[in-house]
Protein chains: 2
Amino acid sequence: MNTIEPSDRIGVAVDVVIFTVDDGHLQVLLSRREHEPFEDRWALPGGFVRPDESADQAAERELTAKAGLVGVFLEQLYTFSDPARDPRNRVVSVAYYALVSRDRLGAQAGLRESRWFRVDHGAGEVQVPELGLAKPCLAFDHDRILEAAVHRIQGKLEYVPIGFQLLPQRFTLTEIQQVYEAVLGHPIDKRNFRSKLLKSGQVREVDAYRTGAHRPARLYEFTRRTF
Amino acid sequence: MNTIEPSDRIGVAVDVVIFTVDDGHLQVLLSRREHEPFEDRWALPGGFVRPDESADQAAERELTAKAGLVGVFLEQLYTFSDPARDPRNRVVSVAYYALVSRDRLGAQAGLRESRWFRVDHGAGEVQVPELGLAKPCLAFDHDRILEAAVHRIQGKLEYVPIGFQLLPQRFTLTEIQQVYEAVLGHPIDKRNFRSKLLKSGQVREVDAYRTGAHRPARLYEFTRRTF
DNA sequence: ACAAAAGTGTTGGTACTACACCCATGT
DNA sequence: ACATGGGTGTAGTACCAACACTTTTGT
């Protein structure tokens with residue numbers, strides 16, 4: 001118990017659930033696997049933790065390597081350790097989730113056959129409609145990881161201001177409402193949403209308007225800029 | 001990236017923060033380490049995950065082996081993976097926390113030089129007064145793990161009914177209030193606490209009284225008996 | 001002029017806080 | 001009888017949900 005036997009050693013990986021909101025829907029970045037096991041199946045971006053880095057660092061590294069993203073919101077989600085979760089080797093996965101705004105997605109997201117997929121979660125069930133309704137639709141236990149990540153951001157959104165991670169620096173109140181609706185999966189009353197958000201002091205109005213096909217919309221920014 | 005090199009393998013351990021409430025205070029079970037590193041220092045009970053078990057199973061096994069506890073509330077907390085957290089080998093620790101009622105603590109808790117220590121957390125700082133105020137007072141990064149566990153149960157207690165895990169099946173309203181006060185670290189108004197708890201439907205009164213030195217107190221039990 | 005999204009207040013109900021006195025029992 | 005913990009209600013405030021119309025712009 002005080003020394004580590006080789007047999008006690010286990011592969012440690014990170015998997016990152018990268019979310020964005022686009023087109024009024026929650027989206028997740030998936031990569032097509034290029035190797036066995038689960039070759040050609042869609043999976044969460046991930047990889048092994050190196051001997052000299054923490055899991056947090058490994059997750060950041062994955063984020064940069066697989067999605068070209070630096071400095072985005074990233075938090076640990078849960079550790080998945082079923083001995084059978086990888087059919088070949090014993091691998092424990094420390095799962096993370098990241099939130100990215102559309103405007104930080106450049107051409108990078110085309111790297112390594114990876115794409116954004118819409119995530120639906122109407123009646124409790126979390127689904128990736130493009131991949132069919134039958135579970136599992138992802139490699140390994142990534143369906144479970146995705147489901148846990150969706151539940152986490154839903155719960156967290158209600159009491160911590162993480163919504164702005166999914167928005168550009170300046171945004172309209174309608175845009176932030178759409179983010180909330182996409183994450184929570186249900187419509188929200190416009191007047192209640194706006195008055196609550198403004199009273200909370202999380203946002204401040206700026207002297208600019210988003211101009212478009214109709215009446216221009218006032219722009220806002222978050223008061224606490226993190227990172 | 002598709003096969004695991006020996007150099008990618010890392011020791012995977014679990015550490016369990018076992019809480020109880022006694023004497024109006026939150027208490028944590030610590031074991032004295034019998035080996036290097038940190039020999040003779042107090043530490044959270046823990047051990048390596050075996051090749052054929054999940055981290056959850058390893059945590060349950062530790063709970064039984066180190067504290068004689070079976071079937072108690074146990075949840076994953078966070079995974080600690082700083083490469084320097086163990087000065088000798090690379091070990092990632094999946095931390096858990098457990099909640100136990102005093103009445104389930106038998107003579108078992110004397111095993112392997114382990115004892116309960118009071119945990120204080122008045123002004124945000126989490127401290128084990130008996131071990132002094134200077135940090136670190138525990139082995140490895142166990143101070144950080146303990147702190148994270150205290151924050152977790154404080155947050156969770158406010159919106160999920162986990163308080164009854166720290167109580168015997170039947171209890172008085174004063175007893176459950178003392179549990180809340182011990183965990184949250186501040187006094188609570190008696191009338192507000194009672195009316196809120198009763199209105200929530202979490203408890204049901206039973207036809208029995210706790211008799212003692214003064215007026216007998218009505219006993220209650222939780223409506224949802226888990227496990 | 002019209003289509004489309006922006007913007008704006010009130011009302012009723014519910015939940016939370018603060019607060020002080022009488023009751024039942026053992027000694 | 002008294003000391004000790006058990007038990008109870010109300011009033012003010014803050015938050016939440018439901019709800020519909022006017023304004024501004026581009027076409």
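Residue numbers start from 1 in every chain, and the chains themselves are labelled A, B, ... in the order their sequence lines are given, proteins ahead of strands. Bear in mind the structure is a predicted one, so any value in this text is a computation, not a measurement. These values consider heavy atoms only, across backbone and side chains, with no hydrogens, waters or symmetry-generated copies.
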For this session: Could you tell me how the ring of A:Phe222 sits relative to the ring of A:Phe164: parallel (under 30°), tilted (30 to 60°) or perpendicular (over 60°)?
Result: tilted

Problem set entry | Contacting residues from residues 178-190 of chain B, given that a heavy atom lies under 4.0 angstrom of DNA chain C | B:Asp189

Problem set entry | Lys NZ or Arg CZ of B:Arg102 over B:Trp116 ring: under 6.0 Å, within 45° | no

Problem set entry | Under the ring pair (Phe, Tyr, Trp, His ring centres under 6.0 Å) test, residues paired with A:Phe140 that sit two or more places apart | A:Phe38, A:His142

Tabulate atom names and distances for all N/O pairs under 3.5 angstrom spanning the protein and nucleotides 24-27 of chain D.
| unit_1 | atom_1 | unit_2 | atom_2 | d |
| --- | --- | --- | --- | --- |
| D:dG26 | O4' | A:Ala213 | O | 2.6 |

Problem set entry | Closest nucleotide among D:dG6, C:dA20, C:dG9 to the A:Arg191 side chain | C:dG9

Problem set entry | Partners passing side-chain contact (heavy atoms from CB on, under 4.5 Å) against A:Asn192 (at least two apart in sequence or in another chain) | A:Asp189

Exercise. Got a sec, which residues hit side-chain contact (heavy atoms from CB on, under 4.5 Å) with A:Glu175, two or more places apart in sequence or on another chain?
Worked result: A:Leu167, A:Phe171, A:Thr172, A:Arg210

Seminar exercise, completed: Residues at least two apart in sequence or cross-chain that pass salt bridge (Lys or Arg N to Asp or Glu O under 4.0 Å) with B:Asp120, listed by chain then number, are B:Arg118

Provide a list of protein-nucleic acid N or O atom pairs under 3.5 angstrom, restricted to nucleotides 10-12 of chain C.
none

Exercise. For A:Asp141, what residues pass the side-chain hydrogen bond (donor to acceptor under 3.5 Å, both in side chains) criterion, not counting sequence neighbours?
Worked result: A:Arg85

Exercise. At under 4.0 Å between heavy atoms, what does A:Arg194 touch on the DNA or RNA strands: base, sugar-phosphate, or nothing?
Worked result: base

Problem set entry | NZ/NE/NH1/NH2 to OD/OE distance under 4.0 Å, B:Arg61 and B:Asp56 | no

Exercise. Does A:Thr174 put a side-chain nitrogen or oxygen below 4.0 Å from OP1 or OP2 of C:dA5?
Worked result: no

Exercise. Would you find more than 12 non-hydrogen atoms of other residues, nucleotides or ligands less than 6.0 Å from A:Lys135 atom NZ?
Worked result: yes

Between the protein and nucleotides 12-16 of chain D, list the N/O to N/O atom pairs that are separated by less than 3.5 angstrom.
none

For this session: Could you tell me which residues satisfy side-chain hydrogen bond (donor to acceptor under 3.5 Å, both in side chains) with A:Gln177, sequence neighbours excluded, listed by chain and number?
Result: A:Glu181

Exercise. Through what angle, rounded to 10 degrees, does the axis of the helix from C:dA1-D:dT27 to C:dT27-D:dA1 turn between its ends, using five pairs per end?
Worked result: 0°

Seminar exercise, completed: Within residues 154-161 of chain A, the residues having a heavy atom closer than 4.0 Å to DNA chain D are none

